[in-house]
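Naming: A, B, ... by sequence-line order, numbering from 1 per chain. Hydrogens, waters and symmetry mates are skipped; everything else that's a heavy atom, side chains included, is used.
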2 protein chains.
Amino acid sequence: MSDDGDVPAQDIAARAGWLYYVGGLRQDQIAEELGISRQRAQRMVARAVAEGLVRVRIDHPIAECLELERALRQKFGLSRARVAPRLGPGQEALRAIASFAAPELERVFRDQTPKLIALGTGRTLRAVIEQMPTIAASQHKMVSLIGNVSPDGSASFYEVIMRIADKTGAPHYPMSVPVMARDAEEFATYRALPHVQSSRALAAQADITIVGIGQMADDAPLFMDGFITEAELRAVQKAGAAGEICGHIFDADGQYIDHPVNAFMVGSRVPVNDNPVLCIGGGVSKIKPLRAALRGRLIDGLITDEITAAELISR
Amino acid sequence: MSDDGDVPAQDIAARAGWLYYVGGLRQDQIAEELGISRQRAQRMVARAVAEGLVRVRIDHPIAECLELERALRQKFGLSRARVAPRLGPGQEALRAIASFAAPELERVFRDQTPKLIALGTGRTLRAVIEQMPTIAASQHKMVSLIGNVSPDGSASFYEVIMRIADKTGAPHYPMSVPVMARDAEEFATYRALPHVQSSRALAAQADITIVGIGQMADDAPLFMDGFITEAELRAVQKAGAAGEICGHIFDADGQYIDHPVNAFMVGSRVPVNDNPVLCIGGGVSKIKPLRAALRGRLIDGLITDEITAAELISR
DNA sequence: TCACAATATGGGCATATGCTCATGCTGGGG
DNA sequence: CCCCAGCATGAGCATATGCCCATATTGTGA
């Protein structure tokens with residue numbers, strides 16, 4: 001996915017990016033240096049950016065964001081809060097969060113002392129992983145909190161643990177089983193599977209748990225991705241669904257709702273054993289679920305964006 | 001030094017840099033977003049770069065550099081070698097090395113397990129530190145290998161340990177004594193000082209030792225900075241001086257030369273107790289000293305640039 | 001309070017950059 | 001062996017960027 005393409009060309013791209021961003025050369029200088037046309041130099045620089053070879057980080061604590069972090073910690077009793085500066089009105093919050101959270105996650109993996117890291121799934125986590133560089137971190141172990149098979153039998157597209165394993169080389173324990181069972185019997189079967197039991201047991205000992213969060217409006221990812229039917233969605237909405245973490249649906253108070261669809265998720269509910277849970281997510285659609293999760297103390301760490309943070313604080 | 005200036009303006013600069021490099025907005029969009037003129041937006045972006053708020057890293061192992069690293073390790077029995085891509089003919093090797101070495105050094109400090117880090121001094125190390133972000137790393141301790149007082153009594157300008165302490169908050173033990181004594185008596189006095197003894201004892205236990213390297217041509221830094229006289233320089237040159245590490249001068253075989261100026265350096269000689277020594281340096285002037293240090297196995301790790309590496313390999 | 005110095009600001013322009021398009025090249029299938 | 005598809009290349013152009021300069025603003029000392 002990220003390692004396809006022409007390797008020597010990528011080499012040139014990396015070099016062009018280095019010369020442009022680190023060296024501060026102009027594109028015609030790069031062209032001369034690398035013995036290519038000015039045109040190609042520009043394409044190579046663009047490619048380096050597009051392929052994520054160029055990693056930009058802003059090394060300055062912007063006052064407003066710091067203040068929001070402090071306020072989040074205080075208001076919701078979080079042990080950890082990070083706030084990404086906003087990227088302008090037209091921009092997805094996801095972009096800001098991904099670029100911002102990646103170095104945070106990187107820090108976790110850079111730690112030399114072996115850690116057991118439990119992971120959720122979803123678009124947000126995927127986007128964050130995408131922004132992470134390749135780092136050797138085989139001292140850590142990773143376990144998935146949630147199954148990796150879609151209702152249609154295909155591999156869940158927003159699987160995270162395999163991707164991060166590609167980047168870190170850490171031993172990993174995906175939960176190779178459907179995300180949810182269709183009935184009580186299937187549920188019992190899945191839960192009884194040895195590798196499911198061991199995954200869940202492992203997750204219960206995690207040093208850190210990292211999850212995304214989903215909304216439960218009419219375009220809830222749980223519904224859009226086919227995990228629950230429209231009827232089920234309506235039903236849980238009626239039951240007060242405000243959001244979900246790892247597919248487990250909770251109400252506005254952060255209490256997991258008592259409903260069949262919520263009973264058949266094979267994966268674990270956070271927090272597991274009071275292990276610290278770090279949630280990554282932001283954007284208008286996630287405000288409601290976040291507020292609920294925070295109220296119910298489902299999470300004790302949050303990485304979000306400035307606008308979402310301000311919203312969470314204000315009301 | 002790096003934390004002076006108008007703070008709210010720096011805030012805007014950081015935000016502008018974020019929007020420009022991470023958000024990919026154009027300067028007029030940034031201007032609108034931040035409610036400033038297009039002009040000011042451009043100045044703020046430039047400032048963010050100038051003040052080092054924007055940190056760019058190229059996340060791709062360029063094949064030639066990897067190959068040079070492998071070759072260096074093999075040819076000189078190094079345990080660690082990193083090669084920075086060249087920045088074009090007109091550019092200082094220092095720029096390339098500093099940008100490249102900073103993340104490497106950052107890794108050392110990110111490590112959670114407490115380490116004792118022994119540090120040399122010099123322009124190169126200073127430049128590397130300058131490129132490092134601020135990171136809390138109070139778990140580590142740092143000790144200086146070399147005195148911090150110039151012959152004229154002023155603080156040595158290329159002191160490193162204080163700078164890095166500013167960035168990491170790590171407890172540090174500078175060697176508060178002149179770099180070198182003028183005679184045997186002074187030397188004995190300095191060496192006998194309790195804090196010098198304890199610094200040297202600490203350095204002897206370092207988990208990692210990080211040093212620069214100096215050349216001994218007519219513009220040797222040891223001479224330019226007034227540590228040795230022109231007559232002394234001539235003398236050691238005649239005695240075969242090929243380079244110096246922490247002021248200790250060695251010949252082309254990496255053997256410390258037997259000469260009075262070399263006897264009065266208060267600091268330690270590497271390697272101390274066979275502790276691993278990482279040397280950072282490159283550029284044409286450093287090829288001779290590096291070749292000597294490598295031949296004498298004074299160092300067992302090297303961070304340099306592509307051109308220097310190629311030169312070291314070729315002959 | 002005024003005058004002056006230092007710095008910040010925006011207009012205007014030279015140019016570096018990015019994009020589009022027409023053309024060339026390479027590689028696979030008929 | 002030829003033809004076509006797909007991608008890479010360089011020319012040309014629209015524009016985003018960076019820089020210089022004249023003016024405004026802020027801060028400072030008499």
Side-chain angles (χ1 to χ4, degrees), chain A residues 1-58 60 62-63 85-91 95 99, chain B residues 1-58 60 62-63 85-91 95 99:
Chain A
M1 168 141 285
S2 64
D3 50 307
D4 59 358
D6 198 13
V7 178
Q10 211 184 39
D11 240 63
I12 296 174
R15 227 174 243 283
W18 169 262
L19 293 170
Y20 191 72
Y21 287 105
V22 179
L25 305 205
R26 268 175 298 119
Q27 297 185 348
D28 47 6
Q29 297 178 292
I30 295 170
E32 192 180 4
E33 172 68 19
L34 299 182
I36 57 180
S37 71
R38 207 275 300 173
Q39 212 48 274
R40 192 157 146 78
Q42 122 74 340
R43 282 192 180 99
M44 288 300 108
V45 172
R47 177 171 177 170
V49 175
E51 295 193 6
L53 305 180
V54 177
R55 214 130 247 152
V56 181
R57 197 160 44 124
I58 302 296
H60 181 75
I62 296 174
R86 67 178 185 281
L87 272 185
Q91 306 284 318
R95 300 250 329 279
S99 296
Chain B
M1 170 138 288
S2 63
D3 50 306
D4 60 358
D6 197 13
V7 178
Q10 209 184 41
D11 240 63
I12 297 174
R15 226 177 245 282
W18 169 261
L19 292 170
Y20 191 73
Y21 288 105
V22 180
L25 305 206
R26 269 173 298 119
Q27 297 186 346
D28 46 7
Q29 298 178 290
I30 295 170
E32 192 180 4
E33 173 70 19
L34 299 183
I36 58 181
S37 70
R38 206 275 298 170
Q39 239 49 315
R40 192 157 144 77
Q42 121 75 345
R43 282 192 182 101
M44 289 299 107
V45 173
R47 177 171 176 168
V49 175
E51 295 193 8
L53 304 180
V54 176
R55 213 129 248 153
V56 183
R57 198 159 42 124
I58 302 297
H60 181 76
I62 296 174
R86 66 178 186 279
L87 272 186
Q91 308 282 319
R95 301 248 330 278
S99 295

Next item on the list: Kindly indicate whether the side chain of B:Arg38 and the base of D:dG18 share any N or O donor-acceptor pair separated by less than 3.5 Å?
Entry: yes
Checklist line | Rounded distance in Å - CZ (B:Arg47) to P (D:dC19) | finding: 16 Å
Notebook entry, point to check: A:Asp28 CG to C:dG18 P: how many Å, rounded?
Noted result: 12 Å
Notebook entry, point to check: Just to confirm, is there a sub-4.0 Å distance from OP1 or OP2 of D:dT9 to any side-chain nitrogen or oxygen of A:Ser37?
Noted result: no
Check: Given atom OH of A:Tyr20 and atom C1' of D:dG18, what is their separation to the nearest angstrom?
Finding: 11 Å
Next item on the list: Give the C-alpha distance, both sets of side-chain angles, the deciding distance and a yes or no for side-chain contact (heavy atoms from CB on, under 4.5 Å) between A:Leu87 and B:Trp18.
Entry: CA-CA 8 Å; A:Leu87 272 185; B:Trp18 169 261; 3.2 Å; yes
Notebook entry, point to check: What integer distance in Å separates A:Arg40:CZ from C:dC19:P?
Noted result: 17 Å
Check: Quick check: does any side chain N or O of B:Arg38 sit under 3.5 Å from a backbone N or O of B:Gln27, one acting as donor and the other as acceptor?
Finding: no
Next item on the list: Hey, which sits more toward the 5' end of DNA chain C by its nearest nucleotide, A:Ala46 or A:Arg26?
Entry: A:Arg26
Note to self: Regarding A:Arg86 and B:Glu33, does a basic nitrogen lie under 4.0 Å from an acidic carboxylate oxygen?
What the structure shows: yes
Checklist line | Rounded distance (Å) that lies between atom C1' of D:dG18 and atom CD1 of B:Ile30 | finding: 14 Å
Note to self: Classify A:Gln27 by what it touches in the nucleic acid, base, sugar-phosphate, or nothing, heavy-atom distance under 4.0 Å.
What the structure shows: sugar-phosphate
Notebook entry, point to check: How close do B:Ala14 and A:His60 get, heavy atom to heavy atom, and via which atoms?
Noted result: CB-CD2, 3.4 Å
Next item on the list: Please answer whether the main-chain N or O of B:Ala31 pairs with a side-chain N or O of B:Arg40 as donor and acceptor at a distance below 3.5 Å.
Entry: no
Next item on the list: For D:dG18, take OP1 and OP2 only and decide whether either is under 4.0 Å from a side-chain N or O of B:Gln42.
Entry: yes
Next item on the list: Have a look at B:Arg43 and say if it touches a base, only the backbone sugar-phosphate, or nothing, with a 4.0 Å heavy-atom cut-off.
Entry: base
Notebook entry, point to check: Between C:dT17 atom P and A:Met44 atom CE, what is the distance in whole Å?
Noted result: 16 Å
Next item on the list: Starting at atom OH of A:Tyr21, determine the distance to atom P of C:dT17, rounded to an integer number of angstrom.
Entry: 10 Å
Check: Tell me: CD of B:Gln39 to P of C:dT9, nearest whole Å?
Finding: 11 Å
